[in-house]
Amino acid sequence: MDGGTDTKEIYENVMNILEDLTSNAHKLQEQVLEEILKSNAGTEYLSRFFPNGQADKQSFKTNVPIITYEDIKPYIDRIANGDTPSILLAYRITQFIQSSGTSGGQPKLIPMTAESFEKRMYEPLLPDLVIKRCFNGSDEGKSLYLYFIKPEMETPSGLVASLYTTFYFKTKSFKTGLAKFCTSPIETILCSDNKQSMFCQLLTGLLQRDEVVRMGSSFASVLPRSIKFLDDYWKELCSNIRTGYLSDWITDAGCRNAMSLILTRPNPEMADLIQQICEDKSWEGIIKKLWPKIKYITSICTGSMSQYIPLLEFYGGGIPLVSPNYSSSEACFGINLKPLSKPFDVSYTFLPNTAYFEFLPVNKDGGGKAQDTRTIDKPVDLVNVKLGQYYEVVVTTLTGLYRYRIGDVLKVTGFYNKSPQFQFVERQNVVLSIDLDKTTEEDLSKAIMKAKIVLEPLGIMLTTYSSYADTSLMPGRYVLFWELKMKGRNDLPKLDAEIMEQCCCIVEESFDFTYKSLRKGGIISGLELRVVKHGTFDQLMDYYVSKGASITQYKPPSCLKSKEAVKILNSGMAGKFFSSKTMF
Ligand code: AMP
């Protein structure tokens with residue numbers, strides 16, 4: 001963007017587009033569905049549901065079942081093995097997008113067509129402009145965005161399957177658009193060795209520290225991980241800056257080439273300055289100190305990412321945290337129109353032109369279990385959702401997903417013109433369960449947020465958490481893993497057994513009636529809290545990355561299902577505590 005007038009005009013245009021989209025939500029949703037049915041009703045998958053050939057909205061709603069990935073997997077598998085894509089959609093598939101949903105789950109393959117690719121390329125631009133509009137002068141500097149790729153795979157039919165972000169970073173649209181404003185040269189983003197990539201991206205970020213006005217990543221989980229890397233490598237990074245010589249272990253040719261254009265001379269003054277900042281015992285506000293012109297951090301901080309908010313606020317030293325959008329490999333759902341809202345209050349305004357959306361009401365009131373009370377037979381349209389009500393989102397897309405449950409639970413918090421705004425609540429399938437109890441991701445997060453307050457006056461920070469249902473003994477119990485560190489330092493705090501037990505009790509006390517009754521009846525044992533050393537959850541992330549998750553789209557698993565994952569966290573255990581609470 002050049003002059004101020006141009007920029008203002010662009011912002012105005014963006015706002016006009018958003019006004020237009022949201023005011024015509026109903027009409028746009030009807031059009032999207034019509035277009036999908038017009039092109040795809042004749043496919044093998046859909047045509048069964050329209051026996052008399054009449055593929056209108058009413059027949060769609062009456063006949064087409066609401067499904068999960070497992071229901072269309074046979075079709076996807078057939079296409080991946082060489083069958084014609086027209087069994088599922090009318091357009092030619094150009095590649096598959098691998099969706100993780102949660103990092104613990106099996107990757108799913110979502111078809112991508114040239115048309116959907118064209119549309120999706122513009123997705124990141126809209127929230128980006130909405131955010132920049134709120135921060136004066138932020139259109140001028142550079143972005144320290146930490147982006148990583150994951151190697152692609154090929155299906156037997158020769159179609160490429162990659163993560164959406166990997167695919168996007170390789171497009172011309174990214175290279176000639178957002179990438180031009182990033183401190184990281186494209187070669188460092190496209191380096192498939194995550195460690196070399198991280199080192200080079202931090203190094204270029206530091207070298208351009210006076211130009212950086214925003215820092216970010218797709219999901220918040222990447223940022224604490226990057227700060228930890230910085231903590232482990234700042235001496236070496238400073239030495240590279242001091243000598244102007246790139247570490248020998250950076251062997252990736254693309255990285256070396258790109259770095260040779262940026263690390264051009266010894267810069268001992270800059271190295272001294274960075275060293276001085278990093279030597280400070282407390283890393284409170286380190287981001288602001290290292291990048292003094294930074295105006296905000298942009299990264300998805302809602303849902304399971306919200307556990308990173310306190311840590312990012314600590315490292316950010318007061319810099320606003322902005323959650324830009326809510327989207328997935330399957331579709332783009334919405335954007336945050338109030339970038340300045342507090343991270344825990346963020347709502348996303350749905351974009352009615354990206355897919356056809358339906359919403360399954362979910363009853364989470366009165367201590368009712370979402371699982372028991374969900375009514376899956378009567379979904380409502382986008383414009384008919386009710387304020388304050390919880391829903392699970394269902395999408396229909398041009399790319400072969402018909403009434404497909406995404407698995408996310410959302411709460412309606414308002415409307416922007418005719419488009420609803422939602423708060424992300426939780427993943428529907430992430431639950432701790434023993435006997436009749438089902439403790440959801442949101443129940444768990446709320447209980448932990450209450451309990452950790454006890455630790456705050458002691459200068460102890462909960463940096464991340466997870467859990468699992470331990471049923472190896474009878475009766476079973478829920479086990480929490482907490483990674484704790486002192487506010488100023490990374491050291492493990494001295495753990496006071498009484499206080500840690502108190503945390504266990506607060507968590508249990510926050511759980512609902514079913515949990516408490518089962519506890520009282522001896523069906524569930526007292527909660528166990530295992531404290532792990534700083535860095536243990538990084539090992540968990542490494543494990544999932546080695547199993548195929550990507551760093552860029554990593555979602556920390558709130559409830560562990562894998563024994564290997566539990567083993568990794570157990571290996572970092574520094575203490576365990578039990579609830580002594582008697583439930584009456
Ligand atoms: P993937 O397709 O693998 O990137 O995963 C998409 C999933 O990430 C969504 O279904 C959500 O569960 C989660 N997700 C995406 N955006 C957000 C957001 N803004 N807040 C919370 N969770 C999100």
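For ligands, and for the atoms within them, numbers begin at 1 and follow the listed sequence. Basis for what follows: all heavy atoms, side chains included, without hydrogens, waters or symmetry-related copies.
For Q553, a nitrogen or oxygen atom sits less than 3.5 Å from a nitrogen or oxygen atom of ligand 1, counting backbone and side chain alike. Between N325 and ligand 1, a contact under 3.5 Å exists for at least one N or O pair.
Ring pair Y168/Y147: centre-to-centre distance not below 6.0 Å.
Heavy atoms of Y326 found under 4.0 angstrom from ligand 1 belong to the backbone as well as the side chain. With a 4.0 Å heavy-atom cut-off, ligand 1 is reached by no atom of Y164. With a 4.0 Å cut-off on non-hydrogen atoms, I300 touches ligand 1 through its side chain and not its backbone. Contacts of S304 with ligand 1, taken as heavy-atom pairs under 4.0 Å, are absent altogether.
At a 4.0 Å cut-off, not a single heavy atom of S323 sits close enough to ligand 1 to count as contact. Heavy atoms of F219 approach ligand 1 to within less than 4.0 angstrom. Residue K555 places a heavy atom under 4.0 Å from ligand 1.
Among C332, G407, S328, the residue whose heavy atom sits closest to atom 6 (C) of ligand 1 is S328. When D408, T302, I335 are checked for heavy-atom proximity to atom 12 (O) of ligand 1, D408 turns out nearest. Heavy-atom proximity to atom 2 (O) of ligand 1, evaluated over A220, S329, A331, A549, is greatest for S329.
Taking a cut-off of under 4.0 Å to the non-hydrogen atoms of S327, the atoms of ligand 1 that pass are 15 (C), 16 (N). Atoms of ligand 1 lying under 4.0 Å from any heavy atom of I406, numbered from 1 in the order shown and given with element: 10 (O).
Salt bridge status for E152 with K170: present, with a side-chain N to carboxylate O gap under 4.0 Å. For the pair D128 and R214, the salt-bridge criterion is not met [side-chain N within less than 4.0 Å of a carboxylate O].
Under the salt bridge (Lys or Arg N to Asp or Glu O under 4.0 Å) criterion, R133 pairs with no residue, sequence neighbours left out.
Both tests do not hold together for R225 against Y308: distance to the six-membered ring centre under 6.0 Å, angle to the ring axis within 45°.
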Please determine whether side-chain hydrogen bond (donor to acceptor under 3.5 Å, both in side chains) holds for the pair Y348 and T302, giving the CA-CA distance in whole Å, both sets of side-chain angles, and the decisive distance to 0.1 Å.
CA-CA 10 Å; Y348 301 99; T302 43; 2.6 Å; yes
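Between F422 and Y391, the ring planes lie perpendicular to each other; the angle is over 60°, past the 30° to 60° tilted range.
Contact of the L462 side chain with the L484 side chain is registered, since non-hydrogen atoms from C-beta on lie closer than 4.5 Å. Proximity of N325 to I335: side-chain heavy atoms (C-beta onward) are separated by under 4.5 Å at one or more points.
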